[in-house]
Amino acid sequence: MHILILGGTTEARRLAELLAGEPGLRVTSSLAGRVAAPRLPPGEVRVGGFGGAEGMAAWLREHRVDALIDATHPFAGTISFNAASAAALAHVPLLALRRSGWVADEGDDWHRVDSLEQAARVLPALGERVFLTTGRMGLAAFAGDPELDALWFLVRSVDAPEPPYPARMEVLLDRGPFTLDGERELLRTHRIDVVVTKDSGGAATAPKLVAAREAGVPVVVVRRPAAPASAAVVATPGEAVAWVRLQRGCGAGPR
C-alpha cells in the first residue's frame with residue numbers, strides 16, 4: 001500500500017515516523033520546497049509542486065498511490081483544496097490531519113479576524129510595536145499603508161522575507177519550538193505591545209500566547225480556513241495511523 005503525505009509540519013514528520021514501522025507500507029512525503037533547509041521525514045521524499053489538482057491526480061495515478069494524507073499547515077489552503085480535487089479525480093481516499101486550534105484562556109485579550117488584511121486594519125488601534133509571527137509569506141498585507149508605516153514590526157520567520165514588507169521592520173530568523181522564558185524576554189526586550197499570529201495550533205509556538213497573557217499584551221488571531229468538506233479530518237498522527245489501518249482493512253491496496 002502506497003501512502004502520500006503532503007507534509008512540512010511536525011505532525012507530518014511524526015506520521016511518517018509512525019508509518020515507517022508499519023509492515024507492507026510505502027510512504028512518500030511531499031514538501032513544498034519553500035523552506036531552504038527543511039527537516040526531512042523518514043521514507044521517500046519529493047520536493048516541489050505538482051502543477052495544480054490535475055498534476056497531483058496524475059502523480060497519484062502514475063505512482064499508484066492508495067491513500068492521500070494532507071498534513072500541511074492549517075493555513076496552506078491552496079494545496080488542501082488541490083488535494084481534495086486530486087483525490088476525487090484519482091479515486092483515492094483523502095484524510096486531513098489538522099492539529100487542534102488554540103483556545104483562549106482567562107486573561108487573554110484576543111482579537112479574532114478572518115485574514116491578514118483584517119489583522120492589518122485593526123493593528124493601529126491596538127499598539128505601536130508589533131510582534132508579527134505569521135511567517136514570511138503574506139507580509140504585503142502590512143505594507144504600503146500610512147497608518148501601518150507608523151508602526152514598528154518584529155517579524156519572526158524561518159527564512160528571510162522578500163518585499164513587499166512593513167516599512168519599519170526588524171527580522172528575527174528562528175525556528176520553533178520556542179520556550180516561555182524566551183518569549184517573555186522577547187516581548188520585554190523589544191517592548192512589544194501587540195502580537196499577530198495565525199491560529200496554527202500546536203505546542204511549538206504557543207508560549208508566545210502565554211507570554212502575551214502575562215504581559216497584558218493584546219493578540220490578533222487570524223482564524224484558520226476550514227478543511228475541504230470531502231476530507232475526513234483527524235487531529236493527531238496516531239488517529240491518522242488508525243485511519244490508514246482502516247483503509248487497509250477495507251481493501252485498499254495496489255490497483
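All values reported here derive from a predicted model rather than from experimental measurement.
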Open item on the list: Looking at Arg213 and Asp108, is any side-chain nitrogen of the basic one under 4.0 Å from a carboxylate oxygen of the acidic one?
Closed with: yes
- [ ] State the CZ-OG1 distance between Arg14 and Thr9, to the nearest 0.5 angstrom.
- [x] 13.0 Å
Task: Glu54 CD: over 12 foreign heavy atoms closer than 6.0 Å - done: no
Task: Pair Arg99 + Glu11, salt bridge at N-O below 4.0 Å - done: yes
Open item on the list: To the closest 0.5 Å, what do you measure between NE2 (His190) and CZ (Phe131)?
Closed with: 8.0 Å
- [ ] Check side-chain hydrogen bond (donor to acceptor under 3.5 Å, both in side chains) between Ser200 and all other residues, then give those that pass, not counting sequence neighbours.
- [x] His73
Open item on the list: Can you tell me which residue among Arg26, Gln247, Glu22 is in a side chain to side chain contact (heavy atoms under 4.5 Å, CB included) with Met1?
Closed with: Gln247
Open item on the list: Distance alone, cut at 3.5 Å: any donor-acceptor contact between the side chains of Arg98 and Ser80?
Closed with: yes
Task: Test item: side-chain donor near acceptor, Asp70 and Thr72, under 3.5 Å - done: yes
Open item on the list: Could you measure the distance from the CG atom of Leu172 to the CG atom of Leu186? Nearest 0.5 Å is fine.
Closed with: 6.0 Å
Task: Sidechain-backbone polar pair: Arg223 side chain, Ala226 backbone, donor-acceptor under 3.5 Å - done: no
Task: Distance (rounded to the nearest 0.5 Å) between Trp110 CH2 and Thr197 OG1 - done: 8.5 Å
Open item on the list: Nearest 0.5 Å, please: how far is CD1 in Ile69 from CG in Leu15?
Closed with: 4.5 Å
Open item on the list: I'd like to know if Glu162 pairs up with Arg136 as an ion pair, taking the criterion as any Lys NZ or Arg NE/NH1/NH2 lying under 4.0 Å from an Asp or Glu carboxylate oxygen.
Closed with: no
Open item on the list: Taking atom CD as the centre, does Glu185 end up with more than 12 heavy-atom neighbours from other residues, nucleotides or ligands that are less than 6.0 angstrom away?
Closed with: yes
- [ ] Please determine if Arg168 and Glu128 form a salt bridge, counting it only when a charged side-chain N lies under 4.0 Å from a carboxylate O.
- [x] no
Task: Exercise: do Arg46 and Ser30 side chains pair donor with acceptor under 3.5 Å - done: yes
Task: Single hit among Leu123, Val113, Val155 for side chain to side chain contact (heavy atoms under 4.5 Å, CB included) with Val196 - done: Leu123
TODO: Indicate whether the side chain of Thr28 and that of His63 have a donor and an acceptor atom separated by less than 3.5 Å.
DONE: no
Task: Gap between atom CG of Leu31 and atom CZ of Arg13 - 0.5 Å precision - done: 9.0 Å
